[in-house]
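Read through the structure below, which is laid out as structure tokens, and then see the notes.
Each residue takes its place number in the sequence, starting with 1. FYI, side chains are in, hydrogens and waters are out, and symmetry mates aren't considered; it's all heavy atoms of this structure.
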Amino acid sequence: YQTAEGTNRWSFTLTNLVPGLNIVRVRAYDTSTNLSRAVARSVFYDIFVPARGLYAGLFADTNSLTTTNAGYFTAKLVAKGQLSGKLLLAGRSYGFAGLFGADTNFFKSLTVPGQGEVDVHLTVDLAGGDLMAGTVSNSAWSAPLLANRQVYSRTYPCPQLPGKYT
């Protein structure tokens with residue numbers, strides 16, 4: 001148990017939470033030192049909050065660049081590490097969805113006609129770097145992927161630079 005400050009209303013800082021679901025149990029002493037029964041509450045610690053958003057980037061095999069091993073990547077990362085995205089590869093779009101693990105890694109295998117299984121390996125930067133990186137590969141090639149998070153939007157516009165422009 002952790003000590004809280006206050007009487008009718010109290011607060012404390014939770015520490016040492018693990019990613020995912022945590023159970024918090026609280027109890028109190030009254031002024032006569034009678035102990036209340038414990039009450040449990042669930043708290044979900046979402047490590048992906050700083051990385052949520054829209055990502056866009058490119059991937060390409062640096063050894064032998066062709067339309068069959070290079071393309072465009074988009075993804076949306078939401079609560080609890082849920083990811084939905086798509087690859088544009090060889091003129092076709094391939095959607096995928098899944099969950100990032102607590103280790104910030106994601107893996108999905110896609111069936112691509114003429115190429116068999118194409119694997120998507122991703123990792124996301126939780127330290128504020130606004131990046132998602134990884135590889136797109138099959139048995140014949142491997143392409144590094146780098147995507148940037150969309151930082152500005154209609155509701156959060158880019159700051160205007162001072163001055164006049166013509």
Once the angle between the rings of Phe107 and His121 is folded into 0 to 90°, is it parallel (under 30°), tilted (30 to 60°) or perpendicular (over 60°)?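 Phe107 and His121: tilted rings.
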Rounded at 0.5 Å granularity, tell me how far [atom1] in [X] sits from [atom2] in [Y].
{"X": "Leu122", "Y": "Leu145", "atom1": "CG", "atom2": "CG", "answer": "6.0 Å"}
{"X": "Thr135", "Y": "Leu146", "atom1": "OG1", "atom2": "CG", "answer": "12.5 Å"}
{"X": "Asn22", "Y": "Leu17", "atom1": "CG", "atom2": "CG", "answer": "4.5 Å"}
{"X": "Tyr55", "Y": "Phe73", "atom1": "OH", "atom2": "CZ", "answer": "9.5 Å"}
{"X": "Thr67", "Y": "Arg92", "atom1": "OG1", "atom2": "CZ", "answer": "13.0 Å"}
{"X": "Thr62", "Y": "Trp141", "atom1": "OG1", "atom2": "CH2", "answer": "12.0 Å"}

Ignoring hydrogens, what is the shortest heavy-atom contact between [X] and [Y]? Give both atom names and the distance.
{"X": "Pro113", "Y": "Tyr94", "value": "CD-OH, 3.6 Å"}
{"X": "Pro144", "Y": "Ser142", "value": "CD-O, 4.0 Å"}
{"X": "Tyr72", "Y": "Gly57", "value": "CD1-O, 3.3 Å"}
{"X": "Asp46", "Y": "Lys80", "value": "OD2-N, 2.8 Å"}

Report whether [X] and [Y] are members of the same hydrophobic cluster (ILVMFWY, side-chain heavy atoms less than 4.5 Å apart, transitive linking).
{"X": "Phe48", "Y": "Val43", "value": "yes"}
{"X": "Met132", "Y": "Leu126", "value": "yes"}
{"X": "Val24", "Y": "Val39", "value": "yes"}
{"X": "Val124", "Y": "Tyr45", "value": "yes"}
{"X": "Leu83", "Y": "Leu88", "value": "no"}

Under 3.5 Å: donor-acceptor pair, side chain of [X], backbone of [Y]:
{"X": "Gln82", "Y": "Ala79", "value": "yes"}
{"X": "Asp61", "Y": "Asn69", "value": "no"}
{"X": "Thr123", "Y": "Thr104", "value": "yes"}
{"X": "Ser36", "Y": "Ala28", "value": "yes"}
{"X": "Lys108", "Y": "Ala97", "value": "yes"}
{"X": "Thr66", "Y": "Thr68", "value": "yes"}

Between Phe106 and Phe100, is the ring centroid distance below 6.0 Å?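 Yes.
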For the residue pair Asp119 / Ser137, report whether a side-chain donor-acceptor contact shorter than 3.5 Å exists.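 No, no side-chain donor-acceptor contact under 3.5 Å.
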Pairing donors with acceptors under 3.5 angstrom, does anything connect the side chains of Thr111 and Glu117?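 Glu117 and Thr111 do have a side-chain donor-acceptor pair below 3.5 Å.
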Compare all side-chain heavy atoms of Leu21 with those of Ser42 and state whether any distance is below 4.5 angstrom.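 Leu21 reaches Ser42 side chain to side chain.
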Do Leu110 and Leu87 have side chains that approach each other closer than 4.5 Å (heavy atoms only, starting at C-beta)?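 Side-chain contact under 4.5 Å: yes.
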Is Arg149 salt-bridged to Asp125, going by a charged N under 4.0 Å from an acidic O?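 So Arg149 does not pair with Asp125 through a salt bridge.
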Chi angles and distances behind the side-chain contact (heavy atoms from CB on, under 4.5 Å) call for Arg41, Val26: CA-CA 8 Å; Arg41 294 292 182 260; Val26 296; 5.9 Å; no
Matching residue for Gln150 among Thr74, Leu54, Asp130 - test: side-chain contact (heavy atoms from CB on, under 4.5 Å):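 Single side-chain contact (heavy atoms from CB on, under 4.5 Å) partner of Gln150 among Thr74, Leu54, Asp130: Leu54.
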Is it the case that atom CZ in Phe44 sees more than 12 heavy atoms from other parts of the structure closer than 6.0 Å?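 Counting neighbours around CZ of Phe44, more than 12 heavy atoms of other residues, nucleotides or ligands fall under 6.0 Å, so yes.
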